[in-house]
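In what follows, a structure is listed as structure tokens, so that the remarks can point back to it.
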Amino acid sequence: MSIGATWAGTHTFGAAELIEARSVEEVQDAVAGTDGPVRALGTRHSFTDLADSAGRLVTVTGIPAEPRIDEAARAVTVGAGTRYGELAVWLESQGWALHNMGSLPHISVGGAVATGTHGSGVRNGCLSDAVAGLTYVNVAGEVIETRRGDEGFEGLVVGLGAYGIAVRVTLDIQPTYLVRQDVYRGLSWDAALGDLPAIMGAGYSVSLFTMWDEPTIQQAWRKTRIGLGEDPQERWLGARVETAAEAGLVDVPPANLTVKGGVPGPWLERLPHFRLDSTPSNGDEIQTEYFVALADGPDALSAVRELGAEIAPHLLVSELRTVAADALWLSGAYGRDTLAIHFTWRNSPEAVAALTPRIEAALAPFGARPHWGKVHSMTADAVASVTPRLADARAQFEALDPAGRFANDHLRRLGVRL
Ligand SMILES: Cc1cc2nc3c(=O)[nH]c(=O)nc-3n(C[C@H](O)[C@H](O)[C@H](O)COP(=O)(O)OP(=O)(O)OC[C@H]3O[C@@H](n4cnc5c(N)ncnc54)[C@H](O)[C@@H]3O)c2cc1C
């Protein structure tokens with residue numbers, strides 16, 4: 001029986017079987033019941049063969065979420081297959097919140113943290129940075145618990161499925177809060193490049209959307225946390241706020257997007273770009289993303305703009321976000337405050353394959369790292385040169401899984417396993 005493809009249809013899975021576990025015991029049986037390759041599959045929102053296996057895939061999305069809050073520790077523990085959006089609705093009903101969300105709430109917690117998924121905000125770490133504990137099934141089929149502070153923990157959180165199958169994840173939480181979203185049009189490139197940290201810091205979470213070849217930045221989305229700093233004004237550095245309560249983005253219908261127009265609302269209905277009850281994004285697309293130091297942002301953006309006329313015909317839109325530095329070995333923001341340069345491409349694989357090496361060459365002087373879940377052309381040598389703790393992460397994966405049963409072609413191609 002065919003296992004199907006990634007959410008965007010960009011990779012058809014070649015694994016021989018998919019086990020849809022309903023309990024932790026079924027995950028243990030799935031791992032212990034074979035000597036061959038086995039690997040976790042989340043909600044399939046990665047764009048490559050990253051999640052694939054030469055043997056068996058196991059998904060934990062069918063295990064009940066059973067969220068539990070530890071108020072004293074300010075943490076929630078939840079089934080790893082739970083979608084962020086579903087966890088968020090439950091947390092809000094209990095008066096709690098997460099520090100941030102990715103652009104879509106449909107992704108599983110286990111799969112998102114395994115690839116270093118992020119939102120935006122100069123002070124907001126990636127979603128993985130909120131992981132305080134992991135419960136996983138190891139290569140022997142045993143249930144192992146590990147927590148922040150344990151030796152090697154920082155090498156497991158952004159773990160690419162290379163050490164086991166996470167079944168429960170513990171995340172930091174905080175009391176619920178309100179956010180408003182304001183969309184500005186006409187922000188000049190000079191203003192953005194002149195003081196990028198200030199522009200990206202002008203709100204709890206700021207995203208800039210561009211087609212690269214335009215005279216001004218198409219849209220700037222400022223997500224302001226109510227009670228933190230000043231509310232946005234009608235004009236901002238020459239840009240004008242959009243008054244319609246629901247602004248569209250490229251060809252995404254406004255009804256699929258979270259509410260804008262400065263209307264305050266709970267964090268979970270403003271921090272993601274896409275609504276949980278709608279089709280996220282376009283669906284017929286390929287995504288690529290690179291991480292550079294925020295301090296290098298203006299030069300890195302100028303280098304990509306040089307390619308703007310060639311990029312634009314193949315692009316749906318690019319998004320620029322920030323991620324605060326963290327200590328997670330395989331995080332795109334490891335050790336540096338980061339600018340994330342994202343491309344949502346039209347679904348033309350040949351054009352993307354031709355353009356990514358050129359973008360990578362333009363960004364190479366800035367030590368750009370690729371997003372683990374998205375399409376890129378970087379070689380193992382290139383990835384190693386920009387991932388300071390790759391050898392440490394690989395050594396830990398080798399120690400936990402000497403036979404490489406959790407490895408796959410993708411990890412071997414990138415030197416995450418040998
Ligand atoms: C429309 C769209 C919007 C996106 N927006 C963002 C964004 O805003 N920010 C961002 O950073 N990324 C974004 N992404 C990328 C996405 O967040 C990542 O690809 C993420 O890994 C998806 O999670 P998933 O559950 O679908 O994982 P999958 O694609 O199913 O798997 C990804 C990896 O996680 C591993 N994995 C999955 N579940 C587990 C588990 N239980 N235990 C151990 N390992 C596991 C898999 O083995 C694989 O290596 C977006 C993707 C799409 C399609």
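Positions are given from 1, in the same order as the sequence printed here. When a ligand or atom number is given, it counts from 1 through the structure's own listing order.
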Looking at ligand 1, would G164 count as a contact under a 4.0 Å heavy-atom criterion? yes

Could you list the residues that satisfy ring pair (Phe, Tyr, Trp, His ring centres under 6.0 Å) with W236, not counting sequence neighbours? Y184

Test item: side-chain donor near acceptor, S53 and N408, under 3.5 Å: no

Taking the six-membered ring for Trp, are the ring centroids of Y163 and Y136 within less than 6.0 Å of each other? yes

Pick one of side chain, backbone, both or neither for how Y136 approaches ligand 1, counting any non-hydrogen atom pair under 4.0 Å. neither

Using a strict 4.0 Å cut-off to heavy atoms of W7, name the atoms of ligand 1 that fall inside it. 1 (C), 53 (C)

Filtering H45, H342, Q287 for the heavy atom nearest atom 1 (C) of ligand 1 leaves Q287

Taking only non-hydrogen atoms of R321, do any sit less than 4.0 angstrom from ligand 1? yes

Could you tell me, atom by atom, which parts of ligand 1 come under 4.0 Å of a heavy atom of G161? 44 (N), 47 (O)

Can a donor-acceptor pair be found, under 3.5 Å and without considering hydrogens, that links the side chain of D401 to the backbone of E398? no

Can you list the ligand 1 atoms lying under 4.0 Å from a non-hydrogen atom of I165? 42 (N)

Mind checking whether A40 has an N or O less than 3.5 Å away from an N or O of ligand 1? yes

Can any side-chain N or O of S108 pair as donor or acceptor with the backbone N or O of G81 at less than 3.5 Å? no

Using heavy-atom distances, let me know which of L104, V109, N408 sits nearest atom 3 (C) of ligand 1. L104

Distance-only N or O hit between ligand 1 and T115, under 3.5 Å: yes

Taking the minimum heavy-atom distance to atom 23 (O) of ligand 1, which of S120, G119, G111 ranks first? G111

Relative to the heavy atoms of G102, which atoms of ligand 1 are at a distance of less than 4.0 Å? 8 (O)

L160-ligand 1 polar pair, N/O distance under 3.5 Å: yes

Identify each donor-acceptor pair in which a side-chain atom of residues 12-20 lies under 3.5 Å from a protein atom, sequence neighbours left out, and give them as a table.
from	atom 1	to	atom 2	distance (Å)
E17	OE2	R56	NE	2.6
E17	OE2	R56	NH2	2.9

Keeping T210 on the side-chain end and W212 on the backbone end, is there a donor-acceptor pair under 3.5 Å? yes

Hey, does the Lys NZ or Arg CZ of R369 hover above the aromatic six-ring of F291, less than 6.0 Å from the centre and inside 45° of the axis? no

Below the 3.5 angstrom mark, is there an N/O of H371, backbone or side chain, next to an N/O of ligand 1? yes

Evaluate whether atom CZ of R148 has more than 12 neighbouring non-hydrogen atoms of other residues, nucleotides or ligands under 6.0 angstrom away. yes

So for ligand 1, is G116 a polar contact partner (N or O within less than 3.5 Å, distance only)? no

Is S108 close to ligand 1, meaning an N/O of one under 3.5 Å from an N/O of the other? yes

Run the ring-centre check on H273 versus F209 and record whether the distance is less than 6.0 Å. yes

F47 to ligand 1, any heavy atom closer than 4.0 Å: yes

Would you call A112 a ligand 1 contact, heavy-atom distance under 4.0 Å? yes

Look only at interatomic distance and state if E285 has a nitrogen or oxygen under 3.5 Å from any nitrogen or oxygen of ligand 1. no

Please determine whether ring-ring contact (aromatic ring centres under 6.0 Å, His included) holds for the pair W345 and H314, giving the CA-CA distance in whole Å, both sets of side-chain angles, and the decisive distance to 0.1 Å. CA-CA 6 Å; W345 302 103; H314 305 291; 7.4 Å; no

Please state which part of V60 comes within less than 4.0 Å of ligand 1, counting heavy atoms only: side chain, backbone, both or neither. side chain

Looking only at distances, please establish whether an N/O atom of ligand 1 is found under 3.5 Å from an N/O atom of A166. yes

Does L91 form a side chain to side chain contact (heavy atoms under 4.5 Å, CB included) with I69? I'd like the steps, not just the answer. CA-CA 9 Å; L91 280 174; I69 287 174; 4.1 Å; yes

Closest by any non-hydrogen atom to atom 35 (C) of ligand 1: pick that one out of S46, A114, A21, S103. A114

From the options E319, H342, R321, select the one residue that forms a side chain to side chain donor-acceptor pair (under 3.5 Å) with S207. E319

